[in-house]
There are 2 protein chains.
Amino acid sequence: MATTTRTAERARVTYFPQLAAERLDIALCRASAAVARAADARATEEGLGVGQHLVLQMLDAVGPCSQQTLSEELRIDRSVMVSVCDDLEQAGHVRRERNPRDRRSYAVTITDSGRRRLAEAQTSIPAFLEDAFHPLTPEERGQLSALLGKLLGIGS
Amino acid sequence: MATTTRTAERARVTYFPQLAAERLDIALCRASAAVARAADARATEEGLGVGQHLVLQMLDAVGPCSQQTLSEELRIDRSVMVSVCDDLEQAGHVRRERNPRDRRSYAVTITDSGRRRLAEAQTSIPAFLEDAFHPLTPEERGQLSALLGKLLGIGS
DNA sequence: GGCAAATCGTTTGACAGAAGATGATTTGTG
DNA sequence: CACAAATCATCTTCTGTCAAACGATTTGCC
């Protein structure tokens, strides 16, 4: 059985380079979603999904925001942001108050509980990040971040 | 309205670097899925989805394969491969014959029609690939492919 | 002030992809 | 040969994402 797997593995390495580079970019981008998905699943298991983590980070860094701003900055759909904030609010990590200057929007604010949870996450996260990205050296991870960021129009 | 969008755009560029790099990798991987999704949507509009294109490319390059092999190589789930092959078969681009040596599996074979379609795609595709990846130089695209490939354990 | 258009948060529905179960067939072992 | 385990394609179910529509509110324009 191990041999079977290894055969498939070898074939995989053999075939791929033969595919024209034309579509390889897209196939890889698509496949990289699997990395994000796996990491997200594991993070959710540990009680703080990637989306929630990003929201807490941003609130901690820049102060109260509307859900609109959060979803634009973090590239999370508005309708998804609703449940992300629902969960965070239910866990007591954020408060939702109507913005008095524009009562259409909320002012989402991180709580002390949220800050503590964020601090916890900062210690527990690196381990499985290391796991998810272990094929790459730290330098390569930086390059990857930079390239994807540029592709998405983020940062200078 | 244009100004609003531009403001949001500026904010986006402003906020992101403030987020710790911790989770940025994952956020970017997740976001890159959107690039793949958009490209796939557009390719599907033109009548040949990315999955279908990859299958035709691989069949053309390495000859008849089982769906199992195709899905392993191309990182497309088996259950998804079913409908990809269904569509290609219905369009007459591939044939499915039972493999006489192992009648559990199909021998999926590209047809002349499939080869013609593939040739067409090779000319119509580059335009919107260019569009999807235009923020990157050709060299950077190569780096991105290489990094994602390494992350996913493909090649070398 | 008053009306049209835009915005924010939310809900709903459509749809793709992933996981798990199933049936047919093959392989391995006694 | 017979039976257990593995494999291939398929089907069903579940989850996550996106688009469109809605009520509440604000903004722009007269």
> What is the distance, rounded to the nearest whole Å, between atom CD of B/E89 and atom P of D/dA9?
Replying inline: 13 Å
> Distance from B/M81 atom CE to B/Y106 atom OH, nearest 0.5 Å?
Replying inline: 14.0 Å
> For A/D40 and C/dA18, what is the distance between atoms CG and C1' respectively, to the nearest whole Å?
Replying inline: 14 Å
> Does any N or O in the side chain of A/R141 come within less than 3.5 Å of the main-chain N or O of A/L136, such that one atom is a donor and the other an acceptor?
Replying inline: yes
> Quick one: CG on A/L70 to CD1 on A/I76, what's the gap to the nearest 0.5 Å?
Replying inline: 8.0 Å
>> Measure CZ/A/R98 against C1'/C/dT7 and give the value in whole Å, please.
In response: 12 Å
> Should we say atom CD of B/E97 is surrounded by more than 12 heavy atoms from elsewhere, each under 6.0 Å from it?
Replying inline: yes
> Expressed in angstrom and rounded to an integer, what is the separation of A/R37 atom CZ from C/dA16 atom P?
Replying inline: 15 Å
>> Using 0.5 Å steps for rounding, measure from the NZ atom of A/K150 to the OG1 atom of B/T137.
In response: 6.0 Å
>> What I'd like to find out is whether the side chain of A/V84 reaches to under 4.5 Å of the side chain of A/Q67, using heavy atoms alone.
In response: no
>> Show me the pairs that pass salt bridge (Lys or Arg N to Asp or Glu O under 4.0 Å) and involve residues 59-68 of chain B, at least two apart or across chains.
In response: B/D60-B/R115
Distances under 3.5 Å between nitrogen or oxygen atoms of protein and nucleotides 20-26 of chain D:
{"unit_1": "D/dT26", "atom_1": "OP1", "unit_2": "A/R103", "atom_2": "N", "d": "3.3"}

> Once you round it to whole Å, what is the distance between C1' of D/dT10 and CD1 of B/I76?
Replying inline: 17 Å
>> Using a 3.5 Å distance criterion without hydrogens, assess whether the side chain of A/D40 forms a donor-acceptor pair with backbone atoms of A/V50.
In response: yes
> What residues in residues 80-88 of chain A put a non-hydrogen atom under 4.0 Å from any atom of DNA chain D?
Replying inline: none
>> What is the distance, to the nearest angstrom, from the CD atom on A/E72 to the C1' atom on C/dG9?
In response: 13 Å
> B/L70 CG to D/dA9 C1': how many Å, rounded?
Replying inline: 12 Å
>> For A/E45, is there an ion pair with A/R42 - N to carboxylate O distance below 4.0 angstrom?
In response: no
> Taking only N and O in the side chain of A/Q68, is any of them less than 4.0 Å away from OP1 or OP2 of C/dC8?
Replying inline: yes
